4 protein chains.
Amino acid sequence: MVRLGEIEIEERPVPEPGPGQVLVEVSAVGVCGSDVHWFTEGRIGELVVDGPLVLGHEAAGVVTALGPGVSRLSVGQRVALEPGVPCRRCRACRTGHYNLCPDVRFFATPPVDGAFARYVVHDEDFAYPLPDHVSDDAGALLEPLSVAIWATWKAGIAVGDRVLVTGAGPIGLLVAAVARVAGAVEVIVSDTQPARLPLAKKMGATSVIDVSRAPGTAPGPGSPGPGKAVPLGGLDADVLIECSGAAAALEAGLRGLRGGARAVVVGMSSESHTPVPLSLLQRKEIELTGTFRYANTYPAAIALASSGAVHLDELVTGHYGLAQVEAALQAGRRDPLAVKPVVLPGT
Amino acid sequence: MVRLGEIEIEERPVPEPGPGQVLVEVSAVGVCGSDVHWFTEGRIGELVVDGPLVLGHEAAGVVTALGPGVSRLSVGQRVALEPGVPCRRCRACRTGHYNLCPDVRFFATPPVDGAFARYVVHDEDFAYPLPDHVSDDAGALLEPLSVAIWATWKAGIAVGDRVLVTGAGPIGLLVAAVARVAGAVEVIVSDTQPARLPLAKKMGATSVIDVSRAPGTAPGPGSPGPGKAVPLGGLDADVLIECSGAAAALEAGLRGLRGGARAVVVGMSSESHTPVPLSLLQRKEIELTGTFRYANTYPAAIALASSGAVHLDELVTGHYGLAQVEAALQAGRRDPLAVKPVVLPGT
Amino acid sequence: MVRLGEIEIEERPVPEPGPGQVLVEVSAVGVCGSDVHWFTEGRIGELVVDGPLVLGHEAAGVVTALGPGVSRLSVGQRVALEPGVPCRRCRACRTGHYNLCPDVRFFATPPVDGAFARYVVHDEDFAYPLPDHVSDDAGALLEPLSVAIWATWKAGIAVGDRVLVTGAGPIGLLVAAVARVAGAVEVIVSDTQPARLPLAKKMGATSVIDVSRAPGTAPGPGSPGPGKAVPLGGLDADVLIECSGAAAALEAGLRGLRGGARAVVVGMSSESHTPVPLSLLQRKEIELTGTFRYANTYPAAIALASSGAVHLDELVTGHYGLAQVEAALQAGRRDPLAVKPVVLPGT
Amino acid sequence: MVRLGEIEIEERPVPEPGPGQVLVEVSAVGVCGSDVHWFTEGRIGELVVDGPLVLGHEAAGVVTALGPGVSRLSVGQRVALEPGVPCRRCRACRTGHYNLCPDVRFFATPPVDGAFARYVVHDEDFAYPLPDHVSDDAGALLEPLSVAIWATWKAGIAVGDRVLVTGAGPIGLLVAAVARVAGAVEVIVSDTQPARLPLAKKMGATSVIDVSRAPGTAPGPGSPGPGKAVPLGGLDADVLIECSGAAAALEAGLRGLRGGARAVVVGMSSESHTPVPLSLLQRKEIELTGTFRYANTYPAAIALASSGAVHLDELVTGHYGLAQVEAALQAGRRDPLAVKPVVLPGT
């Protein structure tokens, strides 16, 4: 059996779509940081991989067969796949927060297999027809775009706002792009890796901050505590969207906010707890929240991609066949500019 | 004494700024439909002009003297004037809704004189420094831009929304522009005057609808009732911003909304009551509200104008000296394309 | 075949519960104004009864059989039935507004039969276990209580608010009760039928207003227009919940609101359009919305009934067997104090 | 000169009210934890007492003289004093968040003297007439009641909610009372001091939890980390209002929330940073905010006290003359049940 850090390509029978499901021939799948994490660590928080798992959850493809009762899709249609299918019965589902459904089945989340595969079956309700001029790559990247849209919805950006985005990974870059579309007049992106900042500008940032040498952002022997990391203080921003997962970035970002601002934590920390300056949060009455995936974003994501408001193809930094999945998973380790590798299972 | 429909130019002493006030030499003043209304009708709703009144409330100028205690502005600074100065004491002011202050003093609203004048005094707190590259005209038009920003804030536009704007007058055009900036992927503008629709596209509309021949939109003998005016039905829009003041436009717009949508009424009707399809509003649980001026919009308006997100100068359709104010007031009557005449009091 | 205004009792086979459904022996069903309307008029708005229809949608009962896959309920359990089962797939369902689902199946709404019957089948997800000390009557009346809870949620009542409720029918009475529970310090109920006002006080109103002789509330020859009906002006209320369906009540209620207030229209008008003072709504920036049924209210309704916060049994004004349904439907016509007749199908 | 931890009674001239101000003879002043903190530590966060300071900010009194321009109050009127007078000019003030005004003058916050005095002057706009049947003590305690109202407004409690309050000090007790008034069907109060819990029930809690022996709540050698303190897990509460200032309480409280819940931090920590389980906050998409004083709460506070919805007098645990201020400040140290000492400066 395959073990942690090993990849094998298996022959399996083509799955059959059940009632309300379609069979999809996968054309493109983006590689996400969580795929890398499953692959190298075998766990994310309390979730543990305890057997072989097909990775990949950012997927687009073509419908090749219909299960019983399917009425909205037809064979041959290009679709983007929203990777989570919720139960539709629980409190979360019934109140519209289906991303919080405890019984959701989500690609590449144990024990549910993902989309690094030739074929997958999926509920038709979570497969969205793609316009002709939206590429397969872009169709796959509607998934991280959804993460970004959800974050900006939570942030409640208003026309004229100044928005601070900490972290210029794939999500931070998309958040910057969407924040700009959402009416932010200033979008300031910071990162500890200066090499990524030009891409941030290309995606929509109006200014960038290199915090690679900021005090407190690179903890080590004798490093100052989190209270010292204030390179962003005084920005008086209306919104913070934290996309790095670093405590120092959250600290600095909160100091950069005006009173009454909103802060949304998207980046995932590797620690169970993060030191938060609660008295600052109280004194400024900041609203802080975090995001978990997204709900009801795909129509907006398709509209943004289709209208050219967000250029998803610019994020793609390499294509890989199914046999090269391991290289795709390791691309980001070798090169900070390998923003978004895409796997093409048919090649 | 001057009477309804008459204009006189008077010599008056230059006013003196009181505590916290500045003296402003007025450089540009936009003409608003309400100015025309005061001039020709002598009343708006319950407010009646019962003596001479200086009109004009969309103003920009240069600070030429400081009253006692002024600390933020200096002589020579170019400023835009927010025309209403509220009491800062009442419930509305204390809760941030200062546009609803019953004791507000607002330019050109009886008995307060307006800005068709060489000099005005104004509270420094409501005079905003203008960036060098924002023109005097644009500085004046921050006022109608504020109306549009306020309407879109009330509308709660989210990234990816489809927005319907009924009416392509100056406010409708600016609303279309701001809605686009706010993340609307589709902005549909309708008007009964097809000549205005190309300008709507220039300002940001993604599509336009000519309703000049729509049933029910041009009431007359034998015209159908409001229930028949449904050329916009089926749009399934997320937001309606009604800028025409016509009952038929509101009716059609509401029919064009999806369930759970928001509708904001900006256009002012000449009737005391408007027939509203309440059962439709209930069945779709539409949130309907109206706007009255604006509050806290000038910083955002300056940001939009300064960043080039909204092109205010494109709205200006003519310049007039103080001696030509009457021509400026009547420009719109003669020509539906005379969107925004601007008076330059110094010429 | 049975015709408009006729009632017949039919013997039908006991229905079989499908997957996820339960068979329920109905113990109590409240009579709602809409039942009366279907019975006497045969239509509500665009919905038309074009065949025999079992009425009744406010129901409680006992589970007597389980369909395949039922996991949360068991035989013998007392349940309240939420009468609408939505599709769980459309935009409305997925965003939590399942009351707006176009494909909802709702008791006693053509062509779906209702609950004036010995047995019904229903989705287990919309059948809620009843605590022992909540009576069958109260279990049935969780339905109108849900309407009231939904209205107060929409109204956004805050602790300390002054709330105006126009109309003291069953819904208005429950709205008054819930508004009080929601932290309203003043709850003012008005009605044109003074006989109902003492019950309003019993349910939670802090004061009542008899508008039976108010100018403009009883239109007739020479009656003033809607603009004259201002017996509630000056109340400066924070919230209006309109429960009468009368244009004059809405008009008066809107005049009774402070700037920035919220108004929720629950009462259904018999007219397609209602004259609304839009300029007033604009000048005060009132937020107006309407309600259509409710979503996700049953848990709160059970909590209110179970804790004694709202006394549902006090609303019941008579019990009727299945053979007396016609008398139950006509009780309200003969007596304005016949607030809530309840049908007990087992008797 | 007086030093840290020393109290002196000084004779000073009676102050003269300026424009818009009134002179108030102080009748009652509550002792707040912050007074004790100033007295014993000489600082709160970044604010430092560097000279003599009159303490006390929860005050009621009688108007004894009017400054120029006062129009709403008259001599002899009993008033409650909202202790902070904001600038009315800054962004915070203009948007209704005047509690965040950086230039606010607030009783007993350096360098502004407080109300442990025979006379104070105060802006008439922040002095509220008291109904006859509201006692002087209750008039003073409208201030902590305002803190509680603000917290519940921020929490957005809806009818039927389950609310968790951690900490049963004066603020926690009032929060419990207001949460109940706001429609919470369950209000659960926890504290590490079991002696306070009966009072919590008296004030409105529906259940109480003694966490005095909970793992992790009493850190010491070998105590578990914050991740272990989960005595409140599984409550599935809709709202958390943290009133203890303890990291373990926040941790436990967050674990007690359902997905999509709101958490409001009112209690002030003595640490600059608090470890927060951000991944939990993300996974549940909890909205977390903190409060700083309050804005626009006094009218609601008076309504609650006046209507009997909240019983402020029950909180008072002792009266002290001006000469006994030190004993009042130290009452809470000696006795956990000394909830609210009140100073009567006239005695």
Side-chain angles (χ1 to χ4, degrees), chain A residues 95-96 128 131 134 142 145-163 174-188 204-207 236-239 241 258-260 285 294-310, chain B residues 95-96 128 131 134 142 145-163 174-188 204-207 236-239 241 258-260 285 294-310:
Chain A
T95 58
Y128 301 82
V134 174
L142 295 176
L145 179 57
S146 283
V147 172
I149 290 171
W150 188 243
T152 60
W153 283 354
K154 289 268 179 185
I157 294 173
V159 164
D161 273 0
R162 178 180 298 157
V163 174
L174 286 169
V175 163
V178 178
R180 194 70 187 287
V181 174
V185 167
E186 288 182 63
V187 175
I188 303 153
T206 57
S207 63
D236 216 30
D238 302 288
V239 165
I241 305 184
R258 66 161 169 83
E285 293 198 338
Y294 41 77
N296 298 303
T297 48
Y298 266 69
I302 291 171
L304 292 193
S306 171
S307 67
V310 175
Chain B
T95 57
Y128 301 82
V134 174
L142 295 176
L145 179 57
S146 283
V147 172
I149 290 171
W150 188 243
T152 60
W153 283 353
K154 290 266 179 185
I157 293 172
V159 164
D161 273 359
R162 178 180 298 158
V163 175
L174 287 169
V175 163
V178 178
R180 195 67 188 287
V181 175
V185 168
E186 288 182 62
V187 176
I188 303 152
T206 57
S207 63
D236 215 29
D238 301 289
V239 165
I241 307 184
R258 66 161 169 83
E285 293 200 336
Y294 40 79
N296 298 303
T297 48
Y298 266 69
I302 290 172
L304 291 193
S306 171
S307 67
V310 175

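Throughout, a chain's letter reflects where its sequence line sits, starting with A, and its residues are numbered from 1. Bear in mind the structure is a predicted one, so any value in this text is a computation, not a measurement.
- No other option in A/V181, A/V178, A/T206 has as many heavy-atom pairs under 4.5 Å with chain B as A/V181.
- Taking B/G183, B/S307, B/A184, B/A309 one by one and counting their heavy-atom pairs under 4.5 Å with chain A, the maximum is reached by B/G183.
- Only the side chain of B/V185 has a heavy atom closer than 4.5 Å to any heavy atom of chain A.
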Residues 297-306 of chain B, side-chain donor-acceptor partners within the protein, below 3.5 Å, at least two apart:
unit_1, atom_1, unit_2, atom_2, d
B/T297, OG1, B/S146, OG, 2.9
B/Y298, OH, B/L81, O, 3.4
B/S306, OG, B/H133, NE2, 3.1

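- The contact between B/A182 and chain A is made by backbone and side chain atoms together, counting heavy-atom distances below 4.5 Å.
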